[in-house]
Amino acid sequence: MTAIILFDSLLGYMLDKLKALKKEIEKAADKAKDISGLEQLEIEYLGRKGKLTALLKDLSSLSKDVRPKAGAMANQIKQESLKLFELKKGELGGAVFESLADKEREDVTEPGIRPPQGHLHIMTQAIREITEIFNKIGFVRARYPEVDWDWYAFESLNMPPDHPARDEWETFFMDAPTSKKGKMVLTPHTSNAQVRELERGEFPVRMINIAKCYRRQSDITHVPMFHQFEGLYVDKDVSISHLRGTLDYFAKAFFGPDRAIRLRPHHFRFTEPSFEIDISCGVCGGTGVAADKTKCRVCKQGWLELGGAGMVHPNVLKAGKVDPKKYSGFAFGWGLERTYMMKEGMKIDDIRILYKNDMRFLKQF
Ligand code: DAH
């Protein structure tokens with residue numbers, strides 16, 4: 001600047017510089033593509049370390065009488081540039097909104113996106129189906145505790161505490177105080193409902209109890225928590241043919257009209273006589289021979305084992321305060337998972353898959 005002071009028309013020089021700067025600002029503002037670019041320019045030209053501010057500093061080298069003129073011009077340029085930037089921001093902002101409006105435009109007539117909808121777990125579906133089948137012949141679903149006294153789970157069912165048959169049940173005992181009714185257990189079968197139902201004293205008894213059961217076992221055919229469905233029918237003159245007819249009806253309704261059941265003698269403490277119930281194999285039609293004349297791979301001999309049944313033992317009736325001379329009845333108790341897996345077309349080779357929460361499996365039902 002010292003060199004410039006030597007010039008006569010220092011004021012003229014300053015004014016030219018200011019005018020040139022104004023032009024530069026206008027050009028730059030014109031080229032700006034977006035709001036942040038404009039803000040950048042504002043800093044570059046009008047900011048504290050900006051080009052206009054630098055020029056203003058140079059004004060101090062002018063003589064006092066001309067300084068205000070140059071000052072006024074610099075100020076005017078500053079105000080005009082600010083206005084210009086605002087104007088430009090408005091224009092660019094408008095363009096931003098326009099393109100946003102274009103991009104984010106909603107077509108309210110477009111069909112919506114359906115949220116994924118779940119469905120009931122297959123075991124819940126099976127519970128409902130079985131309940132409905134039994135409802136049709138007058139059996140009503142009952143609800144009894146799934147943590148119950150030893151008395152209901154075993155003793156009232158003609159199984160005294162030290163009876164070796166109890167070992168088969170692999171029971172979970174609760175860490176809880178013992179009462180007159182013994183220890184508390186996680187129900188190892190649904191048979192605990194039998195004496196509880198009899199205690200109600202309403203006849204005929206036509207109960208279907210579907211509930212959770214617990215046993216210490218886990219392998220391809222067992223899970224520690226599973227379900228059973230237990231039927232109990234008690235009235236005057238109930239015979240084995242009633243039992244047979246009921247189970248046959250169920251097998252045909254649940255598995256299909258071509259399936260049949262058979263009773264095989266067995267032993268349970270709470271029924272006399274007792275049976276294992278088998279169902280004819282859905283793959284070979286009960287013949288045990290596959291289409292290619294080889295042994296059926298599913299059943300090997302034509303029948304599949306479903307579960308236990310029998311005529312209610314007089315001691316069980318007595319435990320439920322029912323006179324065995326007046327009343328008789330039948331009972332059956334089957335595994336829900338096991339029964340469901342015997343449906344035709346089901347190819348579940350590991351029962352544990354039912355409770356793994358694997359969506360690839362669950363979605364198929
Ligand atoms: N409670 C037996 C079990 O878990 C099954 C059973 C067999 C239930 C015979 C019955 C029955 O009601 O009559 O193995």
Side-chain angles (χ1 to χ4, degrees), residues 130 134 139 141-142 144-146 148-160 163-172 185-198 205-217 221-235 238-248 250-251 261-279 304-320 322 324 327-340 342 351:
I130 290 169
F134 280 106
F139 282 71
R141 188 168 173 202
Y144 288 114
E146 289 168 346
D148 210 349
W149 301 110
D150 185 292
W151 164 257
Y152 291 110
F154 293 119
E155 207 164 336
S156 68
L157 297 172
N158 203 27
M159 298 165 92
H163 198 279
R166 276 191 182 204
D167 296 346
E168 288 165 29
W169 268 259
E170 312 243 19
T171 314
F172 287 108
V185 298
L186 293 185
T187 48
H189 54 179
T190 41
S191 304
N192 68 312
Q194 290 196 17
V195 168
R196 283 188 173 274
E197 182 73 17
L198 293 175
V205 169
R206 273 180 301 204
M207 171 199 84
I208 185 82
N209 173 42
I210 312 182
K212 291 189 185 73
C213 302
Y214 305 86
R215 292 186 197 180
R216 290 170 187 275
Q217 39 187 233
T221 51
H222 297 94
V223 271
M225 188 287 299
F226 59 104
H227 298 80
Q228 283 186 345
F229 57 105
E230 182 97 8
L232 180 68
Y233 180 46
V234 177
D235 202 355
V238 179
S239 71
I240 296 178
S241 20
H242 293 120
L243 169 66
R244 221 211 130 91
T246 305
L247 297 184
D248 210 39
F250 172 75
I261 54 142
R262 76 173 181 191
L263 278 60
R264 234 176 339 103
H266 197 74
H267 174 75
F268 292 106
R269 289 283 299 178
F270 32 91
T271 40
E272 184 56 39
S274 303
F275 308 98
E276 281 283 15
I277 311 296
D278 297 335
I279 182 154
L304 296 159
E305 192 183 307
L306 271 180
M311 302 308 291
V312 181
H313 196 288
N315 287 352
V316 176
L317 292 173
K318 277 189 223 157
V322 175
Y327 288 98
S328 53
F330 67 74
F332 58 90
W334 300 354
L336 179 80
E337 289 81 358
R338 207 185 136 69
T339 305
Y340 188 79
M342 284 182 198
I351 192 172

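For the numbers below, each heavy atom of this structure counts, side chains included, while hydrogens, waters and symmetry mates do not. Treat the numbers as computed from the prediction; the structure is a model and nothing was measured. Counting convention: from 1, in listed order, for ligands and their atoms alike.
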(Q) Whether D248 and R262 form a salt bridge (side-chain N of Lys/Arg under 4.0 Å from carboxylate O of Asp/Glu) is what I want to check. (A) no
Q. Centre of Y233's six-membered ring, under 6.0 Å away, within 45 degrees of the axis: is that where NZ or CZ of R206 sits?
A. no
Q: For ligand 1, list the protein residues that place a heavy atom within a distance below 4.0 Å of one of its atoms, sorted by chain and number.
A: W169, H189, S191, Q194, R215, Q228, E230, F268, F270, T271, G308, A309, G310, A331, F332, G333
(Q) Could you work out, with ring-ring contact (aromatic ring centres under 6.0 Å, His included) as the rule, every residue matching H266, not counting sequence neighbours? (A) F268
(Q) Just to verify, what does E272 make a side chain to side chain contact (heavy atoms under 4.5 Å, CB included) with, not counting sequence neighbours? (A) H313
Q. Got a sec, which residues hit side chain to side chain contact (heavy atoms under 4.5 Å, CB included) with A193, two or more places apart in sequence or on another chain?
A. Y144, M207, N209
Q. Any side-chain heavy atom of R216 sitting closer than 4.5 Å to one from W169?
A. no
